[in-house]
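Remarks on the structure that follows.
Chain naming here is simple, since letters A, B, ... match the order of the sequence lines and numbering starts at 1 in each. Please read all numbers here as calculations on a predicted model, not as lab measurements.
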Number of protein chains: 2
Amino acid sequence: MNESQLVRGLGEQIVERLREDIFSGRIAEGQRLREIDLAKRFDVSRGPIREAIQQLAWEGIVNTDRNKGALVATSAPDEITELIIPLRCTTEKYAIRLFFDTLTEADFLLWENILDKMKQACEAKDFALISEHDIAFHRALVKRSHSPDLLAIWSSIVSRVRRHFRESHLNYKNPIQIYEEHLPIIDALKSKSMAQALQVIEDHIE
Amino acid sequence: MNESQLVRGLGEQIVERLREDIFSGRIAEGQRLREIDLAKRFDVSRGPIREAIQQLAWEGIVNTDRNKGALVATSAPDEITELIIPLRCTTEKYAIRLFFDTLTEADFLLWENILDKMKQACEAKDFALISEHDIAFHRALVKRSHSPDLLAIWSSIVSRVRRHFRESHLNYKNPIQIYEEHLPIIDALKSKSMAQALQVIEDHIE
DNA sequence: TGACAACCGATTGTTAACAATTTACAACAG
DNA sequence: CTGTTGTAAATTGTTAACAATCGGTTGTCA
């Protein structure tokens with residue numbers, strides 16, 4: 001998976017901008033997305049716009065009806081969270097089992113680096129950044145398994161519910177708690193007890 | 001949600017045809033998908049083809065590189081099966097819980113229709129077709145939940161292990177058993193006992 | 001011979017025009 | 001007044017042409 005992605009297609013860039021607009025509330029829930037409007041706004045043709053909308057639809061951020069266009073989805077988080085929790089538990093615990101015996105200091109450095117950035121975001125109360133780093137941290141965990149398939153499966157689960165990450169973060173009065181809740185994971189991974197690490201990740205996800 | 005879907009876009013139809021081709025093995029792993037070839041084959045322009053490929057990429061059925069097109073993804077290695085079983089259990093049981101109380105005769109008709117085709121494939125010992133219908137059956141189950149989130153997640157999980165469907169089928173001396181093992185699922189769904197249905201699907205997946 | 005750069009064909013990315021469908025609204029009949 | 005039907009505008013679906021990019025090939029030079 002190409003991390004840097006120096007040059008990206010118009011569609012991908014538009015996806016990111018729209019996703020950020022929707023998550024930040026600049027584009028409201030239920031609002032209709034018209035291809036021509038977006039094409040004018042981004043100064044591209046409707047091709048990349050349609051590409052972006054299709055992707056957002058797959059992520060569950062907008063709903064599309066044939067010949068009727070796209071509406072920004074209203075969040076219905078609760079039921080699906082119930083599904084996501086066991087799925088994440090299964091995949092992330094599986095990842096930990098794969099890599100636990102081969103951990104090195106460099107791994108902890110990498111993860112702690114991400115958590116540092118998350119801490120700064122928490123202090124700045126920048127919820128968009130907090131979510132990004134939260135996802136990045138767990139992605140880095142799964143990636144450490146060195147299994148592209150595992151990473152791909154995990155990604156498809158999480159990106160589908162990126163919005164729920166964000167919404168659950170908004171429930172924290174003091175965002176620094178989000179950061180603090182990640183520290184035990186690192187500790188447990190350092191502890192040399194796989195059973196304990198599996199338990200901690202399970203508690204964390206729930 | 002439009003149940004019948006009488007009229008669907010070209011892109012959606014092409015997604016289904018390509019998915020069937022790949023799940024059955026008619027299009028091999030690693031094979032390159034050229035937009036122009038597909039456009040000629042389906043007698044449409046490249047627009048709907050690109051739409052279909054993007055969707056297949058999201059489901060994990062093909063891998064795309066910018067400016068380099070799409071390759072049919074290679075199925076995950078055997079170890080992953082260990083992970084997939086609990087993931088499928090979780091998602092398919094979740095789906096059954098969602099729809100169990102609203103089942104109608106039409107649902108059973110649809111599913112039995114797929115199983116009929118599977119039966120014919122079993123009698124013909126056509127393992128490619130057996131796999132295709134096996135996956136199609138489970139997909140139809142999950143789709144019945146009417147939850148796009150659930151279907152999206154399930155799709156991306158199963159697409160990565162499609163080869164294991166075929167390989168596990170090859171272990172059967174008498175392929176008709178594959179068909180017969182699906183009948184208890186229908187029976188349990190008809191039985192009005194959700195707990196029993198959940199147990200049956202769990203036993204079936206393992 | 002081997003490295004390297006400039007081309008060329010093939011393929012994907014993007015655009016703009018055209019076709020089909022939906023929606024809103026107005027005219028009309030009962 | 002209510003419901004229906006026809007029409008036009010707005011919007012999405014599809015197409016085909018054009019632009020940009022990639023990979024291999026060929027030719028040059030050390």
Side-chain angles (χ1 to χ4, degrees), chain A residues 1-19 21-22 27-74, chain B residues 1-19 21-22 27-74 148 152:
Chain A
M1 200 156 295
N2 191 352
E3 200 71 28
S4 48
Q5 281 280 36
L6 261 28
V7 62
R8 279 137 67 233
L10 294 176
E12 292 174 68
Q13 299 175 45
I14 292 167
V15 165
E16 288 192 11
R17 300 220 7 216
L18 285 178
R19 196 163 40 207
D21 283 344
I22 292 168
I27 297 179
E29 286 188 357
Q31 182 169 332
R32 182 161 180 193
L33 296 179
R34 284 189 189 80
E35 294 179 359
I36 293 186
D37 296 343
L38 295 174
K40 274 194 284 218
R41 170 178 162 193
F42 292 111
D43 196 32
V44 298
S45 70
R46 284 172 50 219
I49 299 292
R50 288 174 67 83
E51 198 178 311
I53 287 178
Q54 195 193 339
Q55 164 127 3
L56 293 174
W58 177 260
E59 291 181 19
I61 296 172
V62 305
N63 295 319
T64 58
D65 284 328
R66 180 170 163 78
N67 286 319
K68 288 193 237 173
L71 302 181
V72 176
T74 57
Chain B
M1 195 158 299
N2 190 352
E3 191 72 26
S4 47
Q5 285 279 36
L6 259 30
V7 63
R8 278 137 67 232
L10 294 177
E12 291 174 69
Q13 298 175 46
I14 293 166
V15 165
E16 289 194 11
R17 303 249 328 245
L18 287 178
R19 194 165 39 212
D21 284 343
I22 293 170
I27 297 180
E29 290 187 0
Q31 182 167 334
R32 182 161 180 195
L33 297 180
R34 286 191 189 79
E35 295 179 359
I36 294 185
D37 295 344
L38 295 173
K40 273 194 285 218
R41 170 179 163 192
F42 292 111
D43 196 31
V44 298
S45 70
R46 283 171 50 219
I49 299 291
R50 289 174 65 84
E51 200 179 309
I53 287 178
Q54 196 191 344
Q55 164 97 19
L56 294 175
W58 249 107
E59 292 184 23
I61 296 174
V62 305
N63 295 320
T64 58
D65 283 329
R66 181 171 167 75
N67 287 319
K68 287 193 246 176
L71 301 182
V72 176
T74 54

query = Quick one: L71(A) CG to dT11(D) C1', roughly how many Å, whole number?
reply = 13 Å
query = Quick one: do E12(A) and R66(B) make a salt bridge, cutoff under 4.0 Å?
reply = no
inquiry  = Taking R8(B)'s backbone N and O only, do any of them form a donor-acceptor pair with Q13(B)'s side chain (distance below 3.5 Å, no angle check)?
reply    = yes
request  = Looking only at non-hydrogen atoms, find the nearest pair between R19(B) and L56(B) and report the distance.
outcome  = CB-CD2, 4.4 Å
message = Any donor-acceptor pair under 3.5 Å linking the side-chain atoms of E51(A) with those of Q55(A)?
response = no
inquiry  = In this structure, how many angstroms lie between the P atom of dG13(C) and the CD atom of Q54(A), rounded?
reply    = 13 Å
note = Atom CZ of R66(A) and atom P of dT11(D) are separated, to the nearest Å, by 18 Å
query = Is I49(B) touching bases, backbone alone, or none of the nucleic acid, heavy atoms closer than 4.0 Å?
reply = nothing
key: Nearest-Å distance for atom pair CD1/C1', residues I36(B) and dC18(D)   = 13 Å
ask   = Between L38(B) (CG) and dA10(C) (C1'), how many Å, whole number?
value = 15 Å
ask   = R8(A) has an atom CZ; how far is it from atom C1' of dT12(C), in whole Å?
value = 18 Å
query = Donor-acceptor pair under 3.5 Å: do we get one between R46(A)'s side chain and the base of dG13(D)?
reply = yes
ask   = When you measure from the side chain of E51(B), which nucleotide among dT14(D), dT12(C), dT15(C) comes out closest?
value = dT14(D)
request  = Rounded off to whole Å, could you give me the CG-to-C1' distance for the N67(B) and dT14(C) pair?
outcome  = 11 Å
request  = For the pair R41(A) and D21(A), find out whether any cationic side-chain nitrogen is under 4.0 Å from an anionic carboxylate oxygen.
outcome  = yes
First of K68(A) and L10(A) reached from the 5' end of DNA chain C, by closest nucleotide = L10(A)
N or O in side chain of R34(B) less than 4.0 angstrom from dA10(C) OP1/OP2 = no
task = Calculate the interatomic distance between E35(A) atom CD and dT22(C) atom C1'; express it in whole Å.
result = 14 Å
remark   = Taking dT11(D), dT14(D), dT14(C) as options, the one with an atom nearest any side-chain atom of R32(A) is dT11(D)
task = Would you classify G47(B) as touching base, sugar-phosphate or nothing, given that sugar-phosphate means primed atoms plus P, OP1 and OP2, and contacts are heavy atoms under 4.0 Å?
result = base
